[in-house]
Amino acid sequence: MTARMDKRFADLAAEGRPALVTYFMAGDPDFETSLAIMKALPSAGSDIIELGMPFSDPMADGPAIQLAGQRALKGGQTLVKTLEIARRFRADDKDTPIVLMGYYNPIYIHGVDRFLDDALEAGIDGLIVVDLPPEMDDELCIPALKKNINFIRLATPTTDDKRLPKVLENTSGFVYYVSMNGITGSALPDPALIGGAVQRIKGHTKLPVCVGFGVKTAEHARAIGASADGVVVGTAIVNQVASSLTGDGQSTGATVPGVETLVRGLAAGVRSAKLVAAE
Amino acid sequence: MNETPNLNSFKTGPDEDGRFGIFGGRFVAETLMPLILDLQDEWNKAKTDPEFQAELKHLGAHYIGRPSPLYFAERLTAELGGAKIYFKREELNHTGSHKINNCIGQILLAKRMGKTRIIAETGAGQHGVASATVAARFGLPCVVYMGATDVERQAPNVFRMKLLGAEVKPVTAGSGTLKDAMNEALRDWVTNVDDTYYLIGTAAGPHPYPEMVRDFQSVIGIEAKQQMLEAEGRLPDLVIAAVGGGSNAIGIFHPFLDDESVKIVGVEAGGKGLDGDEHCASITAGSPGVLHGNRTYLLQDSDGQIKEGHSISAGLDYPGIGPEHSWLADIGRVEYVPIMDHEALEAFQTLTRLEGIIPALEPSHAIAEVIKRAPKMGKDEIILMNLSGRGDKDIFTVGKLLGMGL
């Protein structure tokens, strides 16, 4: 729906390779460092950025992302500040799509209409809100679509063929296929199974399908990228940030470069994926 | 959504999307949605299945010990000098609280659905014990998530769960209380969705849990109404219950909602006072938000982050409340009031000394409200209070607070 998102996927299709979608937590460990991380992502090879919105009770996330959210909240991060990170990034980068990812309550408390206006103004292209299934579309999905913000839905192994049409109905931008039942940061399942699942979803939609949950290395990115339109990496990046911090959770000179190095490796993985696909 | 609500009744909710007014709903991850829809189907079938209802009734009578007695608290009534005070003795149930009513119902559903593993969250440990008990009774493995703080302050219940064969997993995230245990249980569920049944202990969470738990707990109010008619020939003037998530309260309230003459009061944990953050009075001092699958009153900051809350009683230490309570508060059918830690502690001692009943700290909040209201009411008036649990689990906490060596 947004020109930026569609153009990005069209360009990648022309290039013949999957997208590298990178997730990190806004405000982890502090506002300035996370802004610096975001600014470094495109040149390191990230095609789409998922900007995590910290929440006190992230029910679908594993310990790594939960801790990242706690660090961010402790550092004073709020929804308003997260949008400010996006706004500052967008001032220098007009092309990289930004997807906000998190939970509904901070948005609900901010006010849905006000949030959508603020998000548009900050240059946001899409939303992933984990605790809003299609049954709750009136809350945020429909209002977002009316304002031309993509609402990206998660499809999971429990989303069977009967349910897929309902999940895909109001989805736009891309479909985020969660590769396993579970929380973020778990182990990667067999890429062959994932390939089959991606094909199943593609039988129901023309939207690009990106796969996440469990992708940690360039090799994973390459294997998953062979069958998907995009590969989402989150926990590995969040862990990279965490490992660079001081004992009391402050950023160090290694924080931003560490993420850059990791993402460069992942980017090489997706860039070699098309060769695998051609085999 | 398509149903025309009967405006003359407070008992028609929730609608088919699980809403009580703006409250309730199904705010869960996609992974859980198919399962929640399955559960709803199964629950709809079970509700009207005579075989299911007969098994529930049989286990209620022979395993739980239902009906629980309605008890006239003669000495407390005389001491307060006002309304006649009756207790619905849910603390006499097997496992010591109302929690077992819901657990028996849900484990029968889990069996129907072919689930082979039970998970539960617990605060005070009463729901954990009840879950571990029914899991033992039906031969299913059970994992109970419990905040690390609660593991410490409710040690006797932790031991009971372990004896019953359950695995107790302490949760250190956050402040290590009920909210954090619920997060962790949801994570387990989303990971083991194929074989696992999540036995939620309170009338909260995604639809159909609030309705289902309410219906399993409504046996309390249905019995109490009948027993009151037998004892006094009329309905009570006032029904009181403590509210954490609110399952014991909705269980006794619901059958009385359409009885206009009956005033209904829910008692929230006022903790150390409503001025700061050290309380759990979600309705009195919170605002509507979305957590753990439903929209309801929550303790939260201006950014929508959930606060930790505090209560002397682990069972009330939850920053939310069941969605039906939020609705009943908004439409004005039920009044919700806070009781402070020290008032509950005092009421705990009063009841113990006057009636020889050691109550749990949770219903001690309701007792404190009874102690406030009864003297202001006439001697011909009647209060019905849900004595939802016994205090054996709390004796160490209370002993410590009173400076008694044990």
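We name chains A, B, ... by the order of the sequence lines, and we start the count at 1 in each one.
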Choice from A:Lys162, A:Glu139, A:Gln70 maximising heavy atom contacts with chain B below 4.5 Å: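 Highest number of pairs under 4.5 Å: A:Glu139.
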
Residue from A:Leu132, A:Asp160, A:Val130, A:Ile109 scoring the most non-hydrogen pairs under 4.5 Å with chain B is A:Ile109

Which bit of [X] comes within less than 4.5 Å of chain B, counting heavy atoms only: side chain, backbone, both or neither?
X        : answer
A:Met59  : both
A:Leu73  : side chain
A:Val129 : neither
A:Pro54  : backbone
A:Val178 : neither
A:Tyr104 : side chain

A:Ile183 and B:Val190, any side-chain heavy atoms less than 4.5 Å apart: yes

Which portion of B:Leu35 sits near chain A, non-hydrogen atoms under 4.5 angstrom: neither

The interface call for B:Asp188 against chain A, heavy-atom contacts under 4.5 Å, is neither

Say whether, by atom type as modelled, one donor and one acceptor occur between the side chain of [X] and the main chain of [Y] under 3.5 angstrom.
X        : Y        : result
B:Asp303 : A:Leu79  : yes
A:Thr158 : B:Thr31  : yes
A:Asp229 : A:Cys210 : no

Just do the ring-ring contact (aromatic ring centres under 6.0 Å, His included) check on A:Phe115 and A:Tyr108 with the steps written out, would you? CA-CA 8 Å; A:Phe115 166 77; A:Tyr108 177 69; over 10 Å; no

Strictly by salt bridge (Lys or Arg N to Asp or Glu O under 4.0 Å), give each pair with a member in residues 60-84 of chain A just once, sequence neighbours left out.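 Sorted result for residues 60-84 of chain A: A:Asp28-A:Arg71, A:Glu84-A:Arg87, A:Glu84-A:Arg88.
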
What residue, out of B:His292, B:Glu308, B:Arg295, has the most heavy-atom pairs lying under 4.5 Å from chain A? B:Arg295

Can you name the one residue among A:Thr22, A:Thr33, A:Leu51 that meets side chain to side chain contact (heavy atoms under 4.5 Å, CB included) with A:Met38?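 Of the listed residues A:Thr22, A:Thr33, A:Leu51, the side chain to side chain contact (heavy atoms under 4.5 Å, CB included) partner of A:Met38 is A:Leu51.
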
